[in-house]
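Read the structure below first, then the notes.
Indexing begins at 1, ligand by ligand and atom by atom, following the structure's order.
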Amino acid sequence: MIPHYDAIIVGGRCAGAATAMLLARGGMRVLVLEAARPGTDTLSTHALMRGGVLQLHRWDLLDAVVSAGTPAILSTEFAYGDEIETVDIRPGGGVSALRAPRRTVLDALLLDAARAAGAEVRVPARVTRVLSERDRVCGIEGTDRGAGTFFHATAPLIIGADGRNSTVANTVGAPFRQRGQSSSAVVYGYFPGRPRDRYHWAYRPGVAAGVVPTGDGLACVWASTSSARFADRRSSSLDATYLWLLAEAAPELARSIGAAAPVGPLRAFPGRPGWIRASAGPGWALVGDAGYFKDPITAHGITDALRDAELLARAVLGAPRGDRALRDAVGDYERTRDRLSRPLFDITEQIADYSWDLAELRGLLRELSEAMRPEVATLRAFDQTTAA
Ligand SMILES: Cc1cc2nc3c(=O)[nH]c(=O)nc-3n(C[C@H](O)[C@H](O)[C@H](O)COP(=O)(O)OP(=O)(O)OC[C@H]3O[C@@H](n4cnc5c(N)ncnc54)[C@H](O)[C@@H]3O)c2cc1C
């Protein structure tokens with residue numbers, strides 16, 4: 001017999017695992033399929049903003065992040081050229097510090113929480129086909145690489161949480177509502193011996209760099225420029241490209257790292273312009289990068305994924321029975337996501353364009369900080385409605 005679920009989620013990292021956990025906590029029968037092996041890393045730095053930390057706190061997962069050795073970030077240093085401005089993290093809503101867990105920690109924790117809530121988790125398992133019946137998505141097919149078997153399952157809702165190259169989004173032909181023009185390239189590596197209690201973001205015309213303290217006594221040190229300039233100047237050695245970028249963006253930081261070798265390999269992302277895609281349709285929804293991706297320069301994708309997991313789960317759990325009601329509910333999710341995301345998307349576009357001078361950039365970062373307020377307010381309001 002073909003197994004049937006209330007929801008099938010394709011992709012089990014921050015967006016998919018969080019959505020699965022919330023739907024399963026709400027009593028739904030959920031299947032999650034993730035192609036990567038458990039506990040593996042992915043191409044991403046991992047600074048969380050307030051909304052992301054708030055979600056982990058609200059979901060009772062923050063203590064586990066802390067126990068994994070993820071340090072407390074108490075302030076953010078902005079270096080505009082040689083001028084440094086420090087902004088302290090204001091305690092509030094259960095968040096006294098920011099955190100930047102490695103994806104090996106965060107994604108595994110969320111997937112464990114989904115499993116603990118009753119979701120069935122298959123990993124590594126790749127979905128190869130999304131099935132439809134009478135213009136409605138109704139199931140998936142794929143291979144369970146762990147068990148070496150082919151599988152087939154059905155559900156009234158298939159959720160694509162399968163990242164930037166989403167099979168679900170591409171199969172349903174989710175239209176692009178907005179497409180970005182700018183993109184930045186990022187190179188990063190891990191180093192010991194950096195300060196543990198602050199994010200450090202450094203900017204000079206055309207370049208940026210940052211330090212993100214994380215577990216195992218390490219910090220992620222990244223450097224970035226526009227994709228076009230990166231493609232132009234990239235040499236055959238990634239080490240040399242990294243040192244060039246770091247020295248331009250943050251000469252002090254480059255000097256203090258000197259000839260130290262990173263722990264593990266350097267990783268590079270050449271960049272890709274962002275998008276907002278339609279994320280709700282008959283029998284399907286998209287969450288995380290599958291539906292909404294923006295340039296990593298504003299370090300907000302994970303925070304957004306955790307926010308949108310809850311927006312989607314609440315909409316689905318609150319929907320009356322029936323296909324029509326479910327479709328309306330995921331439509332509401334998409335509208336709320338778009339309302340909260342568009343300002344962040346537009347500001348990110350301007351920052352990733354790298355055509356600013358330092359005064360303009362300072363203004364854009366202030367706007368970015370303002371644009372984060374409505375999402376934090378939305379997440380906090382959830383607790384008031386739940387309590388009521
Ligand atoms: C260089 C870089 C730096 C970044 N830095 C930050 C940062 O500092 N802070 C921040 O908040 N965000 C950052 N981001 C953004 C962040 O990485 C993404 O927004 C986030 O990973 C989105 O999560 P997701 O769960 O939607 O997708 P992903 O993390 O991409 O996960 C999707 C999962 O789906 C699985 N999958 C795909 N297809 C299938 C299939 N057919 N079957 C089964 N499984 C499938 C994949 O294996 C993958 O594990 C960065 C991104 C990049 C590229």
Side-chain angles (χ1 to χ4, degrees), residues 8-20 31-53 55 73 98-104 106-108 110-111 121-130 140-145 151 158-171 183-189 199 201 210-212 214 220 222-224 227 230 266-272 274 277 279 286-309 312 341 344 348 352 372:
I8 296 174
I9 302 180
V10 185
R13 284 197 184 269
C14 49
T19 308
L31 171 66
V32 193
L33 303 143
E34 167 54 55
R37 294 195 174 275
T40 51
D41 208 352
T42 187
L43 180 63
S44 175
T45 64
H46 36 80
L48 291 185
M49 297 299 142
R50 180 176 288 272
V53 182
Q55 290 299 71
I73 313 290
L98 301 183
R99 307 270 170 179
R102 288 289 289 266
R103 296 294 294 270
T104 45
L106 178 69
D107 296 345
L110 287 164
L111 210 50
V121 178
R122 286 203 192 186
V123 36
R126 176 171 291 282
V127 169
T128 48
R129 254 184 92 199
V130 178
I140 47 93
E141 281 179 2
T143 45
D144 188 325
R145 290 154 70 205
F151 60 78
I158 309 297
I159 298 175
D162 45 349
R164 294 191 296 277
N165 301 313
S166 168
T167 302
V168 178
N170 293 335
T171 305
S183 73
S184 60
V186 187
V187 189
Y188 65 92
Y199 287 152
W201 309 141
V211 181
V212 177
T214 189
C220 172
W222 60 266
S224 169
S227 292
F230 182 72
L266 291 175
R267 301 204 65 186
F269 176 64
R272 188 166 166 184
R277 290 182 94 154
S279 292
L286 303 175
V287 67
D289 281 3
Y292 158 47
F293 168 71
K294 67 191 163 325
D295 192 273
I297 189 68
T298 46
H300 212 80
I302 305 166
T303 293
D304 282 343
L306 301 184
R307 177 199 76 191
D308 293 345
L312 176 58
S341 304
L344 289 166
T348 301
M372 291 184 210

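Remark: ligand 1 and V127 share an N or O pair separated by less than 3.5 Å (distance only, no angle test). Residue contacts with ligand 1: G16 is placed with no nitrogen or oxygen under 3.5 Å of a nitrogen or oxygen of the ligand (distance criterion only). The shortest N/O to N/O separation between T45 and ligand 1 falls below 3.5 Å. Taking distance alone, with nitrogen or oxygen atoms compared against 3.5 Å, V10 stays at or beyond that limit from ligand 1. At least one N/O-N/O distance between G301 and ligand 1 falls below 3.5 Å.
Residue contacts with ligand 1 do not include G142, since none of its heavy atoms lies under 4.0 Å from the ligand. Not a single heavy atom of R272 sits less than 4.0 Å from an atom of ligand 1. Residue contacts with ligand 1: R164 is included, with a non-hydrogen atom under 4.0 Å away. At a 4.0 Å cut-off, not a single heavy atom of T42 sits close enough to ligand 1 to count as contact.
When atom types are taken as modelled, the side chain of Q55 and the backbone of L306 share a donor-acceptor pair closer than 3.5 angstrom. For the pair Y199 (side chain) and L48 (backbone), a donor-acceptor distance under 3.5 Å is present.
Ring planes of F269 and F293: perpendicular class, angle over 60° (limits at 30 and 60°).
Close approach of ligand 1 to P296 is summarised as follows: ligand atoms under 4.0 Å from at least one heavy atom of the residue are 2 (C), 3 (C), 4 (C), 50 (C), 51 (C), 52 (C). If you number the atoms of ligand 1 from 1 as listed, the ones under 4.0 Å from a heavy atom of T303 come out as 11 (O). Interface of A47 with ligand 1, defined as ligand atoms under 4.0 Å from a residue heavy atom, comprises 7 (C), 8 (O), 9 (N), 10 (C), 11 (O). Counting the atoms of ligand 1 from 1 in the order shown, those under 4.0 Å from a heavy atom of F269 are 1 (C), 53 (C). Short contacts between ligand 1 and A36, defined as distances under 4.0 Å to a heavy atom of the residue, involve ligand atoms 47 (O). Interface of A15 with ligand 1, defined as ligand atoms under 4.0 Å from a residue heavy atom, comprises 24 (P), 25 (O), 26 (O). In summary, the atoms of ligand 1 found under 4.0 Å from a heavy atom of T167, numbered by their order in the structure, are 41 (N). Set against the non-hydrogen atoms of L43, the atoms of ligand 1 under 4.0 Å away are 52 (C), 53 (C).
Nearest protein neighbour of atom 45 (C) of ligand 1, counting heavy atoms only, is A35 CB, 3.9 Å. In terms of protein heavy atoms, atom 27 (O) of ligand 1 is closest to G163 CA, 3.8 Å. Atom 23 (O) of ligand 1 has C14 SG, 3.1 Å as its closest protein atom, hydrogens excluded (heavy atom only). Scanning the protein heavy atoms around atom 17 (O) of ligand 1, the nearest turns out to be S44 OG, 2.7 Å. Given atom 19 (O) of ligand 1, the protein heavy atom at minimum distance is D289 OD1, 2.8 Å.
Across the listed options E34, R126, R37, R103, R103 owns the non-hydrogen atom lying nearest to atom 21 (O) of ligand 1.
Under 4.0 angstrom from ligand 1, there are no non-hydrogen atoms of D304. For H46, every heavy-atom contact with ligand 1 shorter than 4.0 Å involves the backbone, none the side chain.
A salt bridge links D304 with K294: at least one charged nitrogen is closer than 4.0 Å to a carboxylate oxygen.
Both the sub-6.0 Å distance and the 45° axial angle are satisfied by R122 relative to the ring of F151.
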